[in-house]
Undergrad: 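I am attaching a structure below and will ask some questions about it afterwards.
All residue numbers in this chain count up from 1 along the given sequence. Just so it is clear, the values below take in all heavy atoms, side chains as well, and ignore hydrogens, waters and symmetry mates. This one's a predicted model, so the numbers in the text were calculated from it and none came from an experiment.
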Amino acid sequence: MAISSPEMYEFDGFRFDADAVILYRNGEVVKAAERHSLQVLASILAGAERFASYEEIIDAVWPGVEYGVDPARVNQHISKLRRLFAQYELDKEYFENLRGRGYRFLCPITEPAEIPGSRDPFRGTGPQGDDLNYQKAPVSSSRKKHYVAAGLIALLVLIGLAFWKWQPIDDELEVRRVVKESQLYESMVLYKNPQAFQETDLDKYWTNEIDGSMNFDRGRIRQSVEKLLAENRKYGDETKYERFDFQSVEINTTRDQATARVLEKWQVANYSFDNTLLQIKPVGPYFVDYFLRKVDGQWFVEKSTTARTTRPTPSLEAVTPVSQPVAGKEFLVNVTGTDLEPMTIYIEVIGKDCPSVRPCKIPNKVLLEHSRLSEKLIEAIPMTLASGEFTIIARNGDSKPSNPINLTVR
């Protein structure tokens, strides 16, 4: 889709030159408008029914760019346009996101203003060309056929849009979209400008916290922003994902909860607020589990195992055998304590055949599959150990180790 249409678009006191990519308000140039944002606007206005898909917008505004440009980047510029228009029309919404597939422009467009030097092809060419009694050129049969064909195409497009609008949402595609866009939005929008962070920014992709638990991503993102501000840091333009490969998406039978596992690798660029580059570091590759919930028909991220701020250190109170710990045979134990994060916690065991430099581990995945987890109790942890004294330690992801608890196997 080209964005070099010679038409001028007029709406709500604005006049937009899509060819020059300039926005006017009551005849004055709106200097705060960013060029890429206006190019996004141009691609939407040039689309059929004033709609453009994410793919069409990206192809038009960032042609030939294969990496680092995703729907989240488009959403970022739509947010900028919304803030820009809100300076003049506070309570008016100009853009509609159609189920994450693209954007439609909502404001009525007046007839495009005539570009200087252009003229209506139906008008006469003489000095009386603008006289009210001018005669239009006769419409040829071929042109009539062209109009009929164009009308049929428009009708088919409208029927297709209506059919698509009433189709049930594809939950798996939506889960994938929300997971990926949320991470791009977090890293490339929220952390890129933490000073502008507002709590309502999180309404876009994340659920509200039900109990204030640190397990909820919303609270963890908030703490990450606070940490960036305290350290006078922000993310730079070089921040990008190098891998974002979905391994699985599972949706429950009632279609209101989902789990997605992703293999991720990122490049994170840290800058100071004065735009001094501090560090560019790779992160990953590592597996991340996302837990989503559908609210009012829309998917939101609730929790995840992705690393952000330092996780709370778990505290262990007791390790209680459920069945007799016998050497060489599987037995079960319960672990009680505090700050046990069910979605990230794992167990380390130190003792015979499990050296301290490389302790035996019970991964979080095994715990989620075989045990029952809460923030104060992990029930029925399976273990198979040799005879002797063992030390049990827990970690929440990349947190510091918990206090040790001893376990005897006979």
Side-chain angles (χ1 to χ4, degrees), residues 72 75 100 171 174-191 194 196-230 235 244 246 248-252 254-262 264 266 283-284 286-315 337-346 363-365 367-368 371-378 394-400 402:
N75 294 340
D171 285 313
E174 279 296 287
V175 167
R176 290 171 178 263
R177 180 190 69 81
V178 169
V179 167
K180 189 170 185 179
E181 287 188 17
S182 68
Q183 298 312 292
L184 292 170
Y185 182 74
E186 179 181 346
S187 298
M188 300 181 184
V189 179
L190 300 184
Y191 296 163
F197 173 78
Q198 300 181 31
E199 184 69 22
T200 53
D201 292 337
L202 301 177
D203 295 340
K204 189 174 185 65
Y205 294 111
W206 291 276
T207 62
N208 290 319
E209 298 140 301
I210 298 174
D211 56 11
S213 165
M214 270 297 295
N215 281 334
F216 286 85
D217 272 17
R218 193 178 184 107
R220 293 175 58 212
I221 294 171
R222 189 186 307 115
Q223 288 198 355
S224 296
V225 170
E226 292 171 355
K227 184 177 181 181
L228 287 171
L229 292 173
Y235 283 11
F244 205 94
F246 282 88
S248 64
V249 174
E250 298 178 3
I251 301 173
N252 67 350
T254 54
R255 315 296 289 181
D256 60 356
Q257 295 184 47
T259 303
R261 168 158 286 199
V262 183
E264 301 181 25
W266 292 79
V283 180
Y286 58 94
F287 288 102
V288 180
D289 291 323
Y290 294 90
F291 304 86
L292 296 91
R293 184 180 301 276
K294 185 186 284 187
V295 181
D296 295 331
Q298 184 174 349
W299 287 102
F300 292 92
V301 176
E302 187 173 63
K303 309 174 185 179
S304 74
T305 60
T306 189
R308 292 190 178 96
T309 57
T310 303
R311 294 183 179 277
T313 302
S315 176
T338 56
D339 291 325
L340 312 179
E341 288 194 338
M343 304 306 173
T344 64
I345 196 165
Y346 67 92
N364 180 256
K365 181 178 180 181
L367 296 177
L368 290 173
S371 308
R372 294 178 294 277
L373 296 84
S374 70
E375 293 184 357
K376 295 184 178 181
L377 173 63
I378 306 177
R395 295 177 188 264
N396 290 323
D398 56 359
S399 75
K400 295 180 180 179
S402 70

Undergrad: Could you tell me the separation between the OH atom of Y290 and the OG1 atom of T259, rounded to the nearest 0.5 Å?
TA: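 Taking OH in Y290 and OG1 in T259, the distance rounds to 13.0 Å.
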
Undergrad: Write down the atom of K204, the atom of Q298, and the distance for their closest heavy-atom approach.
TA: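 That closest heavy-atom pairing would be O-NE2, 4.1 Å.
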
Undergrad: Hey, could you give me the CD/CD distance between E375 and E341, rounded to the nearest 0.5 Å?
TA: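 These two atoms lie 7.5 Å from each other.
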
Undergrad: Hey, is the main chain of S304 close enough, under 3.5 Å, to the side chain of R220 for a donor-acceptor pair?
TA: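 Yes: the side chain of R220 pairs with the backbone of S304.
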
Undergrad: To check you understand the geometry: which heavy-atom pair defines the closest contact between L340 and K376, and what is its length?
TA: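 That would be CD1-C, 3.7 Å.
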
Undergrad: Could you tell me which non-hydrogen atom of A394 sits nearest to which non-hydrogen atom of P314, and how far apart they are?
TA: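 Minimum heavy-atom contact is O-CG, 3.4 Å.
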
Undergrad: What is the minimum heavy-atom distance between K303 and F216, and which atoms define it?
TA: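 Heavy atoms of K303 and F216 come nearest at CE-CZ, 4.0 Å.
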
Undergrad: Which atom pair, heavy atoms only, marks the closest approach of E174 to W299?
TA: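 Looking at all heavy atoms of both residues, the closest pair is CB-CD1, 3.7 Å.
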
Undergrad: To the nearest 0.5 Å, tell me how far L202 CG sits from R222 CZ.
TA: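 Spacing of CG (L202) from CZ (R222) equals 7.0 Å.
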
Undergrad: Compare all side-chain heavy atoms of T313 with those of D339 and state whether any distance is below 4.5 angstrom.
TA: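 Result no, sub-4.5 Å side-chain heavy-atom pair not found.
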
Undergrad: Not counting sequence neighbours, which residues clear side-chain hydrogen bond (donor to acceptor under 3.5 Å, both in side chains) with D256? List them please.
TA: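 Applying side-chain hydrogen bond (donor to acceptor under 3.5 Å, both in side chains) to D256 gives N252, T254.
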
Undergrad: Does the pair Y205 and I221 meet the rule for a side chain to side chain contact (heavy atoms under 4.5 Å, CB included), with working shown?
TA: CA-CA 12 Å; Y205 294 111; I221 294 171; over 6 Å; no

Undergrad: Aromatic rings Y185 and W206: how do their planes relate, parallel, tilted or perpendicular, breaks at 30° and 60°?
TA: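 Plane angle between 30° and 60°, so tilted.
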
Undergrad: So, D201 and R218, do they make that salt bridge, N to O below 4.0 Å?
TA: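 No salt bridge links D201 with R218.
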
Undergrad: Do NZ/NE/NH1/NH2 and the carboxylate oxygens of E250 and R261 come within less than 4.0 Å?
TA: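 Judged by the 4.0 Å cut-off on N to carboxylate O distance, E250 and R261 do not form a salt bridge.
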
Undergrad: Can you tell me how far the CG atom of D217 sits from the CZ atom of F300, to the nearest 0.5 Å?
TA: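 So the CG of D217 and the CZ of F300 are separated by 13.5 Å.
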
Undergrad: Tell me, do T306 and Y286 make a side-chain contact under 4.5 Å, heavy atoms counted?
TA: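 Yes, side chains in contact.
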
Undergrad: Check K400 against R395 and note the closest heavy-atom contact, atom names and distance.
TA: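 Heavy atoms only, the tightest pair is C-NH1, 4.0 Å.
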
Undergrad: Side chain to side chain contact (heavy atoms under 4.5 Å, CB included) between Q183 and V288: does it pass, once the steps are laid out?
TA: CA-CA 11 Å; Q183 298 312 292; V288 180; over 6 Å; no

Undergrad: Is the backbone N or O of I345 less than 3.5 Å from a side-chain atom of N364, with the two atoms forming a donor-acceptor pair by type?
TA: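 Side chain of N364 to backbone of I345, a donor-acceptor pair under 3.5 Å: yes, one is there.
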
Undergrad: Please report the interatomic distance CG(N75) to OG(S182), rounded to the nearest 0.5 Å.
TA: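 Rounded to the nearest 0.5 Å, the CG-OG separation comes to 11.0 Å.
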
Undergrad: Passes side chain to side chain contact (heavy atoms under 4.5 Å, CB included), Y191 versus F197? Steps please.
TA: CA-CA 8 Å; Y191 296 163; F197 173 78; over 6 Å; no

Undergrad: How long is the gap from CZ on R176 to CZ on F246, to the nearest 0.5 Å?
TA: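 These two atoms lie 6.0 Å from each other.
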
